[in-house]
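All values derive from a computational prediction rather than experimental measurement. Order of the sequence lines sets the chain letters (A, B, ...), proteins ahead of strands, with each chain counted from 1.
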There are 2 protein chains.
Amino acid sequence: MMETRSPSEHQPRLMRAIGALLRGQRVAALATLEADGSPFVSMVPFATEPEQACLVLHVSALAQHTGNMARDPRISLLVMQAEQADQPVHALPRLSLLGRAGTPEPGGASWAACRVAYLARFPEAEPMTRLGDFRFVAIELSGARQIAGFGAARSVDADELRRILALSAERPPRSAHRDSA
Amino acid sequence: MMETRSPSEHQPRLMRAIGALLRGQRVAALATLEADGSPFVSMVPFATEPEQACLVLHVSALAQHTGNMARDPRISLLVMQAEQADQPVHALPRLSLLGRAGTPEPGGASWAACRVAYLARFPEAEPMTRLGDFRFVAIELSGARQIAGFGAARSVDADELRRILALSAERPPRSAHRDSA
């Protein structure tokens with residue numbers, strides 16, 4: 001049999017738009033679940049980690065979303081083009097991601113890769129990574145809903161997201177990346 | 001007994017910051033619950049409605065968040081200052097709101113007030129309000145978490161939010177407001 005392609009592989013423009021959002025925006029809206037099952041949404045800076053093809057957060061143990069993710073790892077993340085004054089907002093390109101939050105063991109290979117990816121984007125966060133009450137969170141994505149403009153919506157599967165993430169590092173990993181593992 | 005004041009009433013600067021966010025930002029991240037109880041976050045344009053002291057959304061019956069809110073009205077909304085290129089993001093002022101979504105009966109007084117508030121902010125949405133598959137959603141707020149900068153977090157109660165909303169209409173209600181009810 002011929003290798004089959006998902007319909008989304010015929011959408012290079014839409015795939016590029018996802019990569020542009022993940023590279024161009026530095027913050028996302030993170031939805032987590034409270035103890036009673038109600039939703040809670042908060043802002044998180046995020047980075048992309050190409051080797052594990054995941055998103056990386058760096059959160060305080062004191063933050064509400066951190067406790068929520070420890071209790072129930074199901075999350076959703078919205079990455080959207082920031083609104084501009086005097087420009088219409090209804091058709092802003094955006095991506096609603098679904099996934100699960102994992103906490104890599106400090107000092108391990110996954111943690112080190114998350115740290116490199118996060119600090120490549122947010123070097124100013126380096127002092128916080130030395131504080132005991134902050135931790136890295138690796139988000140494994142299971143799918144997404146992409147809105148590329150008014151009426152232009154489609155579902156995106158996990159494989160396509162993984163391919164995009166593998167290419168979407170803000171800066172290519174450097175030797176320090178592998179050395180730190 | 002003297003009238004008691006909540007601690008938050010001694011925070012006029014923080015109250016003003018909430019009003020500035022609700023007036024200055026036109027879109028929010030809406031967290032809703034999927035059928036299996038997992039969170040889903042999507043972008044929504046929003047307006048403030050001073051008489052009911054609620055937030056107003058205008059959503060398509062086809063959208064995932066619309067079905068989610070019809071099934072379970074518990075929602076959370078994030079309103080945040082948009083990120084600026086070359087500016088740090090970790091301390092962006094933001095507000096995580098908690099509330100419940102209600103659907104005012106089309107043609108009723110609450111619906112009419114929601115429509116006036118929404119179109120004052122988004123006049124370009126007027127044609128969509130004539131489509132049968134769009135509806136207004138009134139968000140009744142029960143509380144919020146305000147992040148006014150790095151390490152500057154506080155809880156905000158429903159009374160304070162109601163007072164802010166009663167003053168935070170983008171434009172004061174005009175006579176058409178009452179006439180349309």
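Note on A/L21: it does not cluster hydrophobically with A/L14, by side-chain heavy-atom contacts below 4.5 Å among ILVMFWY residues.
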Chain A and chain B: which donor-acceptor pairs fall below 3.5 Å?
| from | atom 1 | to | atom 2 | distance (Å) |
| --- | --- | --- | --- | --- |
| A/Q25 | NE2 | B/E83 | OE2 | 3.3 |
| A/R26 | N | B/E83 | OE1 | 3.2 |
| A/R26 | N | B/E83 | OE2 | 3.0 |
| A/R26 | NE | B/E83 | OE1 | 3.2 |
| A/R26 | NH1 | B/Q87 | O | 2.9 |
| A/R26 | NH2 | B/Q84 | O | 2.9 |
| A/R26 | NH2 | B/Q87 | O | 2.8 |
| A/V27 | N | B/E83 | OE2 | 3.2 |
| A/D36 | O | B/R74 | NH1 | 3.1 |
| A/V41 | N | B/S76 | OG | 3.0 |
| A/V41 | O | B/S96 | OG | 2.6 |
| A/R74 | NH1 | B/D36 | O | 3.1 |
| A/S76 | OG | B/V41 | N | 3.0 |
| A/E83 | OE1 | B/R26 | N | 3.2 |
| A/E83 | OE1 | B/R26 | NE | 3.2 |
| A/E83 | OE2 | B/Q25 | NE2 | 3.3 |
| A/E83 | OE2 | B/R26 | N | 3.0 |
| A/E83 | OE2 | B/V27 | N | 3.2 |
| A/Q84 | O | B/R26 | NH2 | 2.9 |
| A/Q87 | O | B/R26 | NH1 | 2.9 |
| A/Q87 | O | B/R26 | NH2 | 2.8 |
| A/H90 | NE2 | B/Y118 | OH | 2.9 |
| A/S96 | OG | B/V41 | O | 2.6 |
| A/Y118 | OH | B/H90 | NE2 | 2.9 |

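Heavy atoms of B/L30 lying under 4.5 Å from chain A are absent altogether. Proximity to chain B (any heavy atom under 4.5 Å) is shown, for A/L62, by neither the backbone nor the side chain. Within the 4.5 angstrom heavy-atom criterion, atoms from both the backbone and the side chain of A/M43 approach chain B.
Applying the 4.5 Å side-chain rule to ILVMFWY residues, one finds that A/I147 remains a lone member of its cluster. Grouping Ile, Leu, Val, Met, Phe, Trp and Tyr by side-chain contacts under 4.5 Å, direct or through others, puts A/L33 with B/L33. By the 4.5 Å side-chain criterion applied to Ile, Leu, Val, Met, Phe, Trp and Tyr, A/F40 is assigned to a cluster that also includes B/L98.
Ranking B/V41, B/V89, B/L95, B/L78 against chain A, the residue ahead of the rest is B/V41, based on heavy-atom pairs under 4.5 Å. Most heavy-atom pairs under 4.5 Å with chain B, from the set A/A28, A/P45, A/A82: that is A/P45. Annotation: maximal heavy-atom pairing with chain B below 4.5 Å, among A/P88, A/A29, A/A125, occurs at A/A29. Among A/A153, A/G24, A/G37, A/A85, the residue making the largest number of heavy-atom pairs under 4.5 Å with chain B is A/G37.
Pairing each heavy atom of B/L92 with each of A/V27, the nearest pair is CD1-CG1, 4.5 Å.
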